[in-house]
Amino acid sequence: MSGEVAIVTGAGQGLGAAEATALAAAGYRVVLNDLPGPALDETMENIRKNGGEAVACPGDIGEWSTAQALLSTAIGTFGGLGVLVNNAGVLRDRMVFAMSEQEWDTVIRVHLRGHFLTTRLATAHWRDTSKREGRPAYARIINTASEAFLLGSAGQANYAAAKGGIVALTLATARGCAPYGVRANAICPRARTAMTGDLMGPPPDGKDPMAPRHVTPLVLHLAGPAGDRITGEVFVVHGGVVAVLGPPTVRAVFRAATGEWTPHEVEAALSTVFTEVPPKPGFVCEQTLPLADTTIGFGGETR
């Protein structure tokens with residue numbers, strides 16, 4: 001992929017730094033985004049030290065101006081854009097009944113709004129490029145969701161909601177922008193990073209199955225030429241595991257005998273399915289939990 005250009009948000013540390021480093025090693029020229037500071041500079045210097053090309057574009061990913069600067073930097077410095085990796089995120093964990101307005105807004109802003117802003121500008125650029133050149137653009141979006149949206153993580157209403165929104169954004173982008181060459185997918189990674197460190201604890205001696213580097217081969221595949229065959233998909237990835245999620249299914253269907261429901265008929269129909277007391281949430285997906293012996297957090301909670 002010599003010469004192709006990629007933007008990576010949240011590239012100062014953890015998963016974003018690993019993704020940016022892997023892309024640079026594969027020949028991509030990389031625009032790095034994170035809040036200004038030594039972590040972002042270190043990622044850039046590590047890439048350059050190993051012969052890669054990278055430029056830092058620091059800023060708050062929840063700001064329109066930051067997304068504009070990222071696209072302008074990619075085009076102005078490297079001449080274009082082919083890959084967008086949205087990774088930036090924060091946590092403000094708290095039970096929903098104790099969560100502050102600011103804790104909700106911060107997580108939604110960084111994760112969901114941050115993904116939207118870069119997607120909005122990148123897809124407009126690719127649409128214009130496709131129309132100008134009369135052919136689909138080389139365009140890849142790799143968004144970062146989480147198993148939290150599958151499980152409804154109890155202490156992360158803000159985070160789970162943002163990640164569910166990112167999946168929906170990914171699917172809508174894949175459908176709406178396919179004619180212009182855009183391929184949009186989401187990954188749900190398990191990775192031991194600064195954001196997840198409090199829940200995961202220190203890494204084990206020897207090989208760490210939750211090291212961020214285990215996620216990067218899938219990111220490289222989706223970013224590369226083979227990624228042209230994949231769009232609108234959601235993956236769970238960690239260690240030696242890549243799982244492709246299926247879409248939600250219909251569990252049961254009830255039809256009113258007269259074509260119009262009465263409260264009594266609704267109760268009679270649904271009581272055949274919802275029998276547990278106390279009830280437990282049913283619209284969850286726990287099939288990803290046994291994919292590896294090591295998960296993140298306790299009681300099945302993941303990142």
Visitor: Where do P36 and G59 come nearest, in terms of heavy atoms and distance?
Guide: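 For P36 and G59, the tightest heavy-atom pair comes out as CD-N, 4.2 Å.
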Visitor: Taking R190 for its side chain and H238 for its backbone only, find out whether a donor-acceptor pair lies under 3.5 Å.
Guide: no
Visitor: Do the side chain of H115 and the main chain of H111 share a donor and acceptor less than 3.5 angstrom apart?
Guide: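 At least one qualifying donor-acceptor pair exists.
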Visitor: Rounded to the nearest 0.5 Å, what's the gap from OG1 on T129 to CG on L81? Could you check?
Guide: 9.0 Å
Visitor: Determine whether E286 and L289 satisfy the following criterion, side chain to side chain contact (heavy atoms under 4.5 Å, CB included), listing intermediate values before the conclusion.
Guide: CA-CA 6 Å; E286 297 180 342; L289 294 179; 4.2 Å; yes
Visitor: Is Y180 close to T123 at the side-chain level, that is, under 4.5 Å between some pair of heavy atoms?
Guide: no
Visitor: Is there a donor-acceptor pair closer than 3.5 Å between any side-chain N or O of T43 and the backbone N or O of A39?
Guide: yes
Visitor: Would you check if the side chain of T231 reaches a backbone N or O of A184 as a donor-acceptor pair within less than 3.5 Å?
Guide: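 Yes: the side chain of T231 pairs with the backbone of A184.
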Visitor: Side-chain heavy atoms under 4.5 angstrom apart, residues restricted to Ile, Leu, Val, Met, Phe, Trp, Tyr: same cluster for F149 and V284?
Guide: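 Different clusters.
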Visitor: Got a second to check how far W126's CH2 is from L121's CG, nearest 0.5 Å?
Guide: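 Nearest 0.5 Å value for the CH2-CG distance: 11.0 Å.
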Visitor: Verify, without hydrogens or angle tests, whether T9 (side chain) and A88 (backbone) share a donor-acceptor contact under 3.5 angstrom.
Guide: yes
Visitor: Assess, by modelled atom type and distance only, whether the side chains of D60 and T66 contain a donor and an acceptor separated by less than 3.5 Å.
Guide: no
Visitor: Do you know which two heavy atoms are closest between I142 and V219, and how far apart they sit?
Guide: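 Closest approach of I142 to V219: CD1-O, 3.5 Å.
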Visitor: For the atom pair CD (Q156) and CZ (R94), what is the distance rounded to the nearest 0.5 Å?
Guide: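 Rounded to the nearest 0.5 Å, the CD-CZ separation comes out at 12.5 Å.
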Visitor: Check whether any side-chain heavy atom of F235 lies under 4.5 Å from a side-chain heavy atom of P189, and answer yes or no.
Guide: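 They are not in side-chain contact.
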Visitor: Please step through side chain to side chain contact (heavy atoms under 4.5 Å, CB included) for the pair Y159 and V90, ending with a clear verdict.
Guide: CA-CA 9 Å; Y159 185 77; V90 295; over 6 Å; no
Visitor: Could you tell me if S65 and Q68 have a donor-acceptor pair between their side chains, going purely by distance under 3.5 Å?
Guide: no
Visitor: Flag yes if L15 and L112 sit in one hydrophobic cluster, no otherwise; membership is Ile, Leu, Val, Met, Phe, Trp, Tyr, and two members link when side-chain heavy atoms are under 4.5 Å apart.
Guide: no
Visitor: Are side-chain heavy atoms of V273 and R251 found at a separation under 4.5 Å?
Guide: yes
Visitor: Side-chain contact, heavy-atom cut-off 4.5 Å: Y28 with V83?
Guide: yes
Visitor: So L32 and I47, side chain to side chain contact (heavy atoms under 4.5 Å, CB included) or not? Walk me through it.
Guide: CA-CA 11 Å; L32 310 170; I47 290 173; 4.1 Å; yes
Visitor: Between W64 and V31, is there a shared hydrophobic cluster once you connect ILVMFWY residues whose side-chain heavy atoms come closer than 4.5 Å?
Guide: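 The answer is yes; both residues are in one hydrophobic cluster.
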Visitor: Should we say atom CD of E42 is surrounded by more than 12 heavy atoms from elsewhere, each under 6.0 Å from it?
Guide: no
Visitor: Do S146 side-chain atoms and A148 backbone N/O form a donor-acceptor pair below 3.5 Å?
Guide: yes
Visitor: Over all heavy atoms of both residues, which pair between S130 and A137 is shortest? Give the atoms and the distance, please.
Guide: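 That would be CB-N, 4.1 Å.
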Visitor: Do T288 and E147 get their side chains close enough for a donor-acceptor pair, meaning under 3.5 Å?
Guide: yes
Visitor: Considering only heavy atoms from C-beta outward, does the side chain of N158 approach that of M99 to under 4.5 Å?
Guide: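 They are in contact (side-chain heavy atoms under 4.5 Å apart), so the answer is yes.
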Visitor: Please find the pair of heavy atoms, one from A160 and one from S153, that lie closest to each other, and give the distance.
Guide: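 Nearest pair, atom of A160 first, then S153: CB-N, 4.4 Å.
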Visitor: If you draw a 6.0 Å radius around CD in E133, do more than 12 non-hydrogen atoms from other residues or ligands fall strictly inside?
Guide: yes
Visitor: Between N185 and V234, is any pair of side-chain heavy atoms under 4.5 Å apart?
Guide: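 When only atoms from C-beta onward are counted, V234 and N185 do not touch, as no gap falls below 4.5 Å.
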Visitor: Side-chain contact, heavy-atom cut-off 4.5 Å: H221 with I230?
Guide: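 In contact.
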Visitor: Looking at A74, is its backbone amide N or carbonyl O close enough to the side chain of T77 to form a donor-acceptor pair, meaning the two atoms are under 3.5 Å apart?
Guide: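 It does not hold such a pair.
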Visitor: Nearest 0.5 Å, what's the OG1-CG distance between T144 and N87?
Guide: 4.5 Å
Visitor: Evaluate side chain to side chain contact (heavy atoms under 4.5 Å, CB included) for V8 paired with V30, printing each intermediate quantity in order.
Guide: CA-CA 7 Å; V8 181; V30 188; 4.0 Å; yes
Visitor: Between N143 (side chain only) and A186 (backbone N and O only), is there a donor and an acceptor less than 3.5 Å apart?
Guide: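 Here the side-chain-to-backbone pair does not exist.
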Visitor: Report, one line per pair, each donor and acceptor closer than 3.5 Å where one atom sits in a side chain of residues 48-58; sequence neighbours left out.
Guide:
unit_1	atom_1	unit_2	atom_2	d
R48	NE	A54	O	3.0
R48	NH2	A54	O	2.9
N50	ND2	N46	O	2.7

Visitor: If you round to the nearest 0.5 Å, how far is CG of L40 from CG of N33?
Guide: 7.0 Å
Visitor: How is the hydrophobic cluster of F283 composed, in terms of its other members, when Ile, Leu, Val, Met, Phe, Trp and Tyr link through side-chain heavy atoms under 4.5 Å apart, directly or indirectly?
Guide: none
Visitor: Does T106 use its side chain to pair, donor to acceptor, with the backbone of E103 at less than 3.5 Å?
Guide: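 Such a contact is absent between T106 side chain and E103 backbone.
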Visitor: Identify whether W104 and V96 are in the same connected component of the hydrophobic contact network (ILVMFWY, side-chain heavy atoms under 4.5 Å).
Guide: no
Visitor: Has the side chain of R140 got a donor or acceptor atom that lies under 3.5 Å from a matching backbone atom of L84?
Guide: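 No: the side chain of R140 does not pair with the backbone of L84.
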Visitor: Could you report the tightest heavy-atom contact between A269 and F254, atom names first, then the distance?
Guide: O-CE2, 3.3 Å
Visitor: Is there a side-chain contact between L218 and I187, using heavy atoms and a 4.5 Å cut-off?
Guide: yes
Visitor: Grab the two heavy atoms, one from L23 and one from A6, that are nearest each other, plus how far apart they are.
Guide: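 Looking at all heavy atoms of both residues, the shortest contact is CD1-CB, 4.1 Å.
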Visitor: How long is the span from the CZ atom in R113 to the CD1 atom in I108, to the nearest 0.5 Å?
Guide: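 It comes to 12.5 Å.
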Visitor: Would a single hydrophobic cluster contain both I166 and L171, if residues Ile, Leu, Val, Met, Phe, Trp and Tyr are joined by side-chain heavy-atom contacts under 4.5 Å?
Guide: no
